[in-house]
Amino acid sequence: MRLLHLSDLHLGKRVCEFSMLDDQQYILDEILALLDEHPVDAVVLAGDLYDKPVPPAEAVRLLDWFLTELSLRQLPVFAISGNHDSADRIAFGARLLTSSQVYVSPLFTGVPEPITLTDPYGPVDFYLLPFLKPAMVRHVWPEEDIETYNDALGCVLRRCAPDPARRSVLVAHQFVAGAACCESEEPSVGGVDSVDAALFDGFDYVALGHLHSPQKVGRETVRYCGTPLKYSFSEARQNKSVTFVELGPKGDISLSFAPLTPRRNLRELRGSYMELTDRRSYEGTDTDDYLHITLTDEQDVPDALARLRVIYPNLMRLDYDNLRTRAQQAVEGPVQEARRSPLEEFAAFYEAQNNQPMTAEQTAFCRQLIEDIWKEGEDA
């Protein structure tokens with residue numbers, strides 16, 4: 001049995017106030033083309049289908065279109081809600097969707113019942129476990145001592161231990177201890193939301209969602225597939241892909257990965273303003289990409305963001321890296337010393353702010369400006 005493991009679509013997401021909906025439509029079309037080229041027997045969606053509990057209407061329509069396309073290909077779909085989703089909204093219409101072989105995790109009320117598919121090697125049991133918090137599990141089993149996420153998940157999995165003679169797949173959305181995360185995932189302080197990978201030992205394959213970097217946790221068959229798109233600049237150097245899982249006889253599992261090419265890449269550029277606006281620097285490159293630019297100029301460039309967007313229309317973020325920003329020196333106000341001229345006062349203020357003295361040209365300009373102001377005052 002061949003599976004496609006997807007997660008963390010985050011439909012409706014905005015990155016630096018840029019809507020990603022067109023890019024999400026593009027990448028979902030690419031995934032469908034991959035499925036047509038490399039057929040599978042089922043698709044797994046391991047949570048965070050939307051980016052917000054109340055998604056925009058456009059995101060709802062996009063998910064509806066994607067599920068419809070999968071259904072038209074007569075592919076069973078196993079989907080769960082993640083921490084960004086509203087479990088109620090994801091579960092809406094779940095019983096109706098089963099007639100189209102779209103199996104959605106219901107609201108958590110106890111042990112998930114397996115959904116079984118069959119191939120020439122026998123049955124495969126799929127367990128759909130939505131994102132769990134300790135309070136959700138305590139509500140079902142108030143007699144249990146459940147304080148942590150690990151306690152909560154352990155309590156549930158002890159009660160739905162799979163048949164060791166059958167192949168089993170768990171679809172879950174949790175942070176597993178030892179996994180690498182990036183800035184867009186906001187792990188809790190101290191890792192209190194982490195769970196132990198050993199809890200999954202009874203399952204042949206664990207399709208995880210929540211973390212955006214594709215990776216295994218412990219054994220090869222406990223995996224995050226990662227996001228299909230880059231959603232933060234901490235992911236800029238990642239190569240996104242989809243994960244194919246081949247279930248042979250019991251104990252025989254192989255994995256393969258297909259790269260995804262986005263409509264626009266998300267990249268970081270660094271250099272001076274002159275370097276980045278020199279035609280030779282950007283000719284032959286895709287200036288339509290989503291960009292984080294770091295300027296290395298010692299002086300701030302007036303209206304740099306708007307001017308750079310003439311060349312790089314999807315510039316999302318602009319920073320400086322120079323003596324001032326590296327020192328991160330706070331300016332507490334003008335230095336009060338007796339017998340300092342206004343020019344000396346301004347020169348001290350400038351050096352405190354920029355971590356370097358004014359140039360001779362800047363000093364001459366300020367001196368002339370001060371003299372002009374004084375002259376206007378005298379004339380008045």
Side-chain angles (χ1 to χ4, degrees), residues 4-35 42-73 75 77-94 96-97 100 102-107 128 130-131 171-174 182-186 207-214 224-235 238 240-243 258 260-266 290 314 316:
L4 175 69
H5 176 190
L6 293 173
S7 78
D8 296 88
L9 304 180
H10 287 280
L11 300 182
K13 188 172 182 65
R14 302 181 72 86
V15 179
C16 298
E17 298 310 312
F18 281 66
S19 171
M20 303 299 289
L21 271 168
D22 288 345
D23 302 85
Q24 290 168 335
Q25 171 80 64
Y26 182 93
I27 210 70
L28 291 179
D29 266 320
E30 186 174 325
I31 290 169
L32 291 172
L34 277 172
L35 287 175
V43 174
V44 170
L45 295 172
D48 280 356
L49 309 182
Y50 297 121
D51 190 56
K52 295 183 181 299
V54 184
E58 297 85 356
V60 176
R61 287 195 289 269
L62 184 54
L63 181 61
D64 176 70
W65 167 82
F66 185 55
L67 293 177
T68 301
E69 288 294 319
L70 294 175
S71 180
L72 290 173
R73 289 164 171 78
L75 288 173
V77 177
F78 299 96
I80 63 170
S81 55
N83 59 304
H84 279 252
D85 298 312
S86 162
D88 296 284
R89 287 181 171 83
I90 296 299
F92 177 78
L96 288 173
L97 288 171
S100 298
V102 177
Y103 304 99
V104 179
S105 61
L107 284 175
L128 306 185
F131 176 69
V171 187
H173 192 95
Q174 304 289 158
C182 53
E183 68 179 25
S184 56
E185 295 144 11
E186 301 176 355
L208 291 169
H210 188 38
L211 300 187
H212 292 189
S213 308
Y224 290 100
C225 62
T227 53
L229 289 171
K230 300 174 184 180
Y231 287 136
S232 80
F233 286 102
S234 63
E235 302 171 47
Q238 291 182 11
K240 298 299 185 179
S241 62
V242 293
T243 300
L260 293 173
T261 304
R263 178 187 181 202
R264 300 183 183 92
N265 201 0
L266 187 144
Y290 294 120
N314 293 308
M316 287 182 162

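- Listed by first and then second residue, the salt bridge (Lys or Arg N to Asp or Glu O under 4.0 Å) pairs involving residues 77-91 amount to none (not counting sequence neighbours).
- The side-chain hydrogen bond (donor to acceptor under 3.5 Å, both in side chains) check on Arg61 picks up nothing, with sequence neighbours excluded.
- Here Leu208 contributes atom CG and His5 contributes atom NE2; the two are 6.5 Å apart, rounded to the nearest 0.5 Å.
- Nearest heavy atoms, Ala42 versus Phe78: CB-CE1, 3.9 Å.
- Among all heavy-atom pairs drawn from Ala46 and Ile80, the shortest one is C-CG1, 3.7 Å.
- Judged as a side-chain contact (heavy atoms from CB on, under 4.5 Å), and not counting sequence neighbours, the contacts of Leu28 are Leu9, Leu11, Ile31, Leu62, Trp65, Phe66.
- At least one side-chain heavy atom of Lys230 sits less than 4.5 Å from a side-chain heavy atom of Lys240.
- Counting heavy atoms from C-beta on, the side chains of Leu70 and Val102 never come closer than 4.5 Å.
- The salt bridge (Lys or Arg N to Asp or Glu O under 4.0 Å) analysis of residues 16-25, with sequence neighbours excluded, yields the pairs Arg14-Glu17, Asp22-Arg263, Asp23-Arg264.
- The structure places CG of Leu229 at 9.5 Å from CG of Leu266, a figure rounded to the nearest 0.5 Å.
- With sequence neighbours excluded, no residue satisfies side-chain contact (heavy atoms from CB on, under 4.5 Å) with Leu96.
- Phe233 and Cys16 get closest at one heavy-atom pair: CE1-SG, 4.3 Å.
- Listed by chain and residue number, Tyr231 satisfy the side-chain hydrogen bond (donor to acceptor under 3.5 Å, both in side chains) test with Gln24 (two or more places apart in sequence, or in another chain).
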Side-chain donor-acceptor pairs of residues 49-58 under 3.5 Å, sequence neighbours excluded:
residue	atom	partner	partner atom	Å
Asp51	OD1	His10	ND1	2.9

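- Here the side chain of Asp48 pairs a donor or acceptor atom with the backbone of His84 at under 3.5 angstrom.
- For the side-chain hydrogen bond (donor to acceptor under 3.5 Å, both in side chains) test, no residue two or more places apart in sequence or in another chain qualifies with Glu30.
- Within the 3.5 Å criterion, the main-chain N or O of Leu67 finds no donor-acceptor partner in the side chain of Ser71.
- Here Tyr26 pairs with nothing under the ring pair (Phe, Tyr, Trp, His ring centres under 6.0 Å) rule; sequence neighbours left out.
- The CZ atom of Phe92 sits 12.5 Å away from the CG atom of Leu107 when rounded to the nearest 0.5 Å.
- Put simply, CG on Leu45 and OG on Ser81 are 12.0 Å apart, with the number rounded to the nearest 0.5 Å.
- Not counting sequence neighbours, the partners of Phe18 by the side-chain contact (heavy atoms from CB on, under 4.5 Å) test are Tyr290, Arg309, Asn314, Met316.
- The line from NE2 of His212 to OG of Ser7 is 7.5 Å long, rounded to the nearest 0.5 Å.
- Contact between Gln238 and Pro214 at its shortest, heavy atoms only, is OE1-CD, 4.0 Å.
- With sequence neighbours left out, the side-chain contact (heavy atoms from CB on, under 4.5 Å) criterion links Ala94 to Val104.
- In this structure, CG on Leu34 lies 8.0 Å from CG on Leu4, to the nearest 0.5 angstrom.
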